[in-house]
Number of protein chains: 2
Amino acid sequence: MDHLSSNAPKGAGANALTCKLQQFTRLSLADRAALERVVAERRRTFLGREDISREGDKPTKIYVMLNGWACRYKFLEDGRRQIVAFFLPGDLCDLNIFILRQMDHSIGALTDVTVAEIGRDSFERLIDDHPRITQALWWEALVTIAIQREWTVNLGQRDALERIAHLLCELYVRLWSAGLATDGHCAFPVTQSDLADATGLSKVHVNRTLQELRQEGLIRLANRQLTILDLDRLKRLAVFDPNYLHLDREGAHLDANNE
Amino acid sequence: MDHLSSNAPKGAGANALTCKLQQFTRLSLADRAALERVVAERRRTFLGREDISREGDKPTKIYVMLNGWACRYKFLEDGRRQIVAFFLPGDLCDLNIFILRQMDHSIGALTDVTVAEIGRDSFERLIDDHPRITQALWWEALVTIAIQREWTVNLGQRDALERIAHLLCELYVRLWSAGLATDGHCAFPVTQSDLADATGLSKVHVNRTLQELRQEGLIRLANRQLTILDLDRLKRLAVFDPNYLHLDREGAHLDANNE
DNA sequence: CGATGGCTTGAATCGGCTCAAAGCTTGTGG
DNA sequence: CCACAAGCTTTGAGCCGATTCAAGCCATCG
């Protein structure tokens with residue numbers, strides 16, 4: 001993945017969403033300003049372990065993750081829990097708002113979380129006035145779906161070691177593309193128990209598997225901080241092919257000219 | 001699921017797509033005619049085992065499944081295969097066409113398949129002229145994503161028996177909603193080997209698990225025909241909650257008045 | 001009629017699970 | 001500043017669900 005080094009994350013001022021969307025297409029100054037404005041309009045915070053929205057609720061707002069980590073999860077009646085997605089800064093929760101009557105899953109904060117709430121009106125104004133942003137948001141939605149498919153592959157085909165390695169690769173690359181990781185290092189505020197619920201493994205086995213990755217000299221993981229010591233080897237071990245993240249600036253033909 | 005009995009599939013004339021979309025909202029005569037027209041424009045057939053589109057291809061057309069079954073799948077480099085979705089008559093393949101540069105997965109025919117090919121122009125005309133159809137297609141896309149999430153849960157949390165039972169429940173209900181199943185009976189042209197690739201189990205174990213379901217008096221499955229003998233019990237065994245299929249006519253407020 | 005693809009069965013093995021206990025951190029209140 | 005609780009991580013032992021390997025069966029089709 002050469003572009004990981006060449007196409008480094010944008011400067012410190014940009015928020016994670018803008019940074020991520022520019023993996024798809026260069027936004028104009030006006031686009032970026034509009035995004036910043038919408039995101040600044042109304043904020044809300046949640047504490048770690050708090051639910052951001054819950055199965056059965058009527059969805060009413062679009063959330064943009066600004067800070068912290070969250071996850072999408074489902075409970076089975078008998079208490080088993082599966083995390084089906086992680087939300088990182090720059091990710092969007094749920095454009096289904098205007099169509100579906102109720103949530104079929106919950107969204108929970110893993111850490112303290114700050115989100116931007118976007119109402120229907122602001123959102124429609126944004127996409128009406130900024131076709132490039134509309135395209136970029138489509139791209140982000142399609143990537144989200146592609147990630148969900150890859151998780152299906154991950155759970156269906158990979159053994160414990162590959163599975164966890166794959167998840168670490170994915171999260172690292174996604175953080176990187178939002179400007180939140182460099183030199184193999186990133187925040188990683190996910191407990192082993194959460195990791196177990198995301199990978200369909202028991203937490204005991206997650207623990208042993210992480211130890212194996214450490215002993216192999218592939219990662220360092222402690223105090224909610226992850227360092228990937230040998231990304232290439234980790235990717236090979238995980239059979240990780242990043243094509244599904246569509247990071248190759250696939251919307252380059254839409255690029256804005258002005259800086 | 002009371003609506004399964006009360007809200008029976010529509011008359012024989014309707015195609016599976018129309019039938020399915022009306023689980024969301026009642027279409028007007030004009031809507032239905034427009035759908036039929038678009039779907040009749042250009043057809044194409046594929047043989048069983050043939051690829052409809054392949055990883056790496058540039059997507060260019062929208063396909064509507066008219067007849068036969070297909071699947072979305074991914075290979076890992078080392079040959080392992082995971083089926084990540086089934087396409088049944090009435091399903092749509094890929095609205096990502098106009099955004100993503102290349103397919104990150106393949107679509108393969110499981111049986112002989114007839115599809116309608118829809119070009120970009122026809123599609124845009126359809127959604128410009130028929131807002132109710134646009135909404136219904138949104139709904140169908142959101143349900144597809146919800147199904148993908150539920151597959152993640154299925155692979156992550158359920159054991160072999162539950163997993164296969166769950167898949168059978170889902171496929172039965174989806175076929176039912178497209179007007180292709182009645183009285184617990186439906187076509188089921190999926191080999192045990194395909195089932196293995198879809199559930200992340202070995203085909204030997206799929207075989208034994210199906211036998212268990214048969215011995216329990218829950219299903220009959222032979223000659224590519226499936227009969228569900230006790231849907232309630234099967235659903236309980238599978239911990240199957242159909243809420244993720246959003247079949248409760250969630251778009252009822254958009255219903256067309258005219259017949 | 002042989003070939004091919006799908007289904008079935010048995011035996012041995014193993015990856016990952018459960019149960020159980022203990023060590024470590026972090027935060028809270030006395 | 002210490003005590004204690006709560007939550008997270010680690011370790012060990014025994015077990016079970018699902019896999020692998022291998023062979024045989026059955027139907028269909030050219």
Side-chain angles (χ1 to χ4, degrees), chain A residues 47-50 69 71 76 78-83 108-112 154-167 187-215 219-226 237, chain B residues 47-50 69 71 76 78-83 108-112 154-167 187-215 219-226 237:
Chain A
L47 297 175
R49 308 271 111 192
E50 201 177 342
W69 290 36
C71 67
L76 301 193
D78 55 17
R80 283 174 281 180
R81 180 174 87 135
Q82 176 71 38
I83 291 178
L110 293 170
T111 64
D112 293 355
N154 206 24
L155 293 177
Q157 297 301 320
R158 283 184 256 256
D159 66 23
L161 198 64
E162 296 171 325
R163 209 181 286 182
I164 289 189
H166 192 278
L167 182 57
F188 199 82
V190 179
T191 68
Q192 293 185 4
S193 183
D194 293 330
L195 228 35
D197 286 346
T199 54
L201 300 165
S202 71
K203 62 187 179 181
V204 172
H205 202 59
V206 166
N207 182 281
R208 296 197 232 261
T209 305
L210 286 174
Q211 286 179 53
E212 202 174 334
L213 290 172
R214 281 189 274 245
Q215 273 158 26
I219 63 166
R220 203 173 296 142
L221 174 56
N223 305 318
R224 323 201 118 200
Q225 297 288 319
L226 171 67
L237 170 65
Chain B
L47 297 174
R49 307 271 111 193
E50 200 178 342
W69 290 37
C71 68
L76 300 194
D78 55 17
R80 284 175 280 180
R81 181 174 84 134
Q82 176 71 38
I83 292 178
L110 293 170
T111 65
D112 293 355
N154 207 24
L155 293 176
Q157 297 300 321
R158 283 185 258 256
D159 66 23
L161 198 63
E162 297 170 323
R163 210 181 286 185
I164 290 190
H166 192 278
L167 182 57
F188 200 82
V190 179
T191 67
Q192 292 185 2
S193 183
D194 293 330
L195 273 181
D197 286 346
T199 53
L201 300 165
S202 70
K203 60 187 179 183
V204 171
H205 202 59
V206 166
N207 182 282
R208 297 197 233 260
T209 306
L210 286 174
Q211 287 180 52
E212 201 174 334
L213 290 172
R214 282 190 274 246
Q215 274 157 26
I219 63 165
R220 203 173 294 144
L221 175 54
N223 305 316
R224 323 202 120 203
Q225 296 289 319
L226 170 67
L237 171 64

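Every chain is numbered from 1, with letters handed out A, B, ... down the list of sequences.
Closest heavy-atom contact between A:L110 and A:C71: CD2-SG, 3.9 Å. The two atoms that bring B:A198 and B:Q82 nearest to each other are O-NE2, 3.1 Å, heavy atoms only. A:P189 and A:W69 make their closest contact through CD-CE2, 3.4 Å (heavy atoms, listed as atom of the first residue, atom of the second, distance). Shortest non-hydrogen contact noted between A:E162 and A:L237 is CG-O, 3.4 Å. The two residues A:D197 and B:Q157 come nearest to each other via the heavy atoms O-NE2, 4.0 Å.
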Practice task
Under the salt bridge (charged side-chain N to carboxylate O under 4.0 Å, His left out) rule, what do A:D194 and A:R81 come out as? Steps first, then yes or no, please.
Solution key: CA-CA 10 Å; A:D194 293 330; A:R81 180 174 87 135; 3.1 Å; yes

Exercise for the section: Could you please spell out the steps behind the side chain to side chain contact (heavy atoms under 4.5 Å, CB included) verdict for B:L221 and B:L213? Expected result: CA-CA 10 Å; B:L221 175 54; B:L213 290 172; over 6 Å; no

Handout entry: Stepwise side chain to side chain contact (heavy atoms under 4.5 Å, CB included) check, B:L226 with B:R220
Key = CA-CA 6 Å; B:L226 170 67; B:R220 203 173 294 144; over 6 Å; no

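From the 5' end on, the contacts that DNA chain C makes with chain A at under 4.0 Å to a non-hydrogen atom open and close at C:dG16 to C:dC19. Nucleotides of DNA chain D lying under 4.0 Å from heavy atoms of chain A occupy a range whose first and last members, 5' to 3', are D:dC8 to D:dA13.
When the shell of 6.0 Å around CG of A:D78 is examined, it contains more than 12 heavy atoms from other residues, nucleotides or ligands. Within a 6.0 Å sphere centred on CZ of B:R214, heavy atoms belonging to other residues, nucleotides or ligands number more than 12.
If you check residues 193-211 of chain B against DNA chain C, the residues with a heavy atom closer than 4.0 Å are B:V204, B:N207, B:R208, B:Q211, listed by number.
Heavy atoms of A:R158 sit nowhere under 4.0 angstrom from any nucleic acid atom.
The residue among B:R49 and A:D159 whose nearest nucleotide of DNA chain C is located toward the 5' end is B:R49.
The bend of the helix from C:dC1-D:dG30 to C:dG30-D:dC1, defined by the angle between the axes of its first five and last five pairs, stands at 40° to the nearest 10°.
Contacts of B:E50 classified as side chain to side chain contact (heavy atoms under 4.5 Å, CB included), with partners at least two apart in sequence or in another chain: B:F46, B:L47. Here B:R208 pairs with B:V204 under the side chain to side chain contact (heavy atoms under 4.5 Å, CB included) rule; sequence neighbours left out.
In this structure the side chain of A:F188 never reaches within 4.5 angstrom of the side chain of A:I219, judged on heavy atoms.
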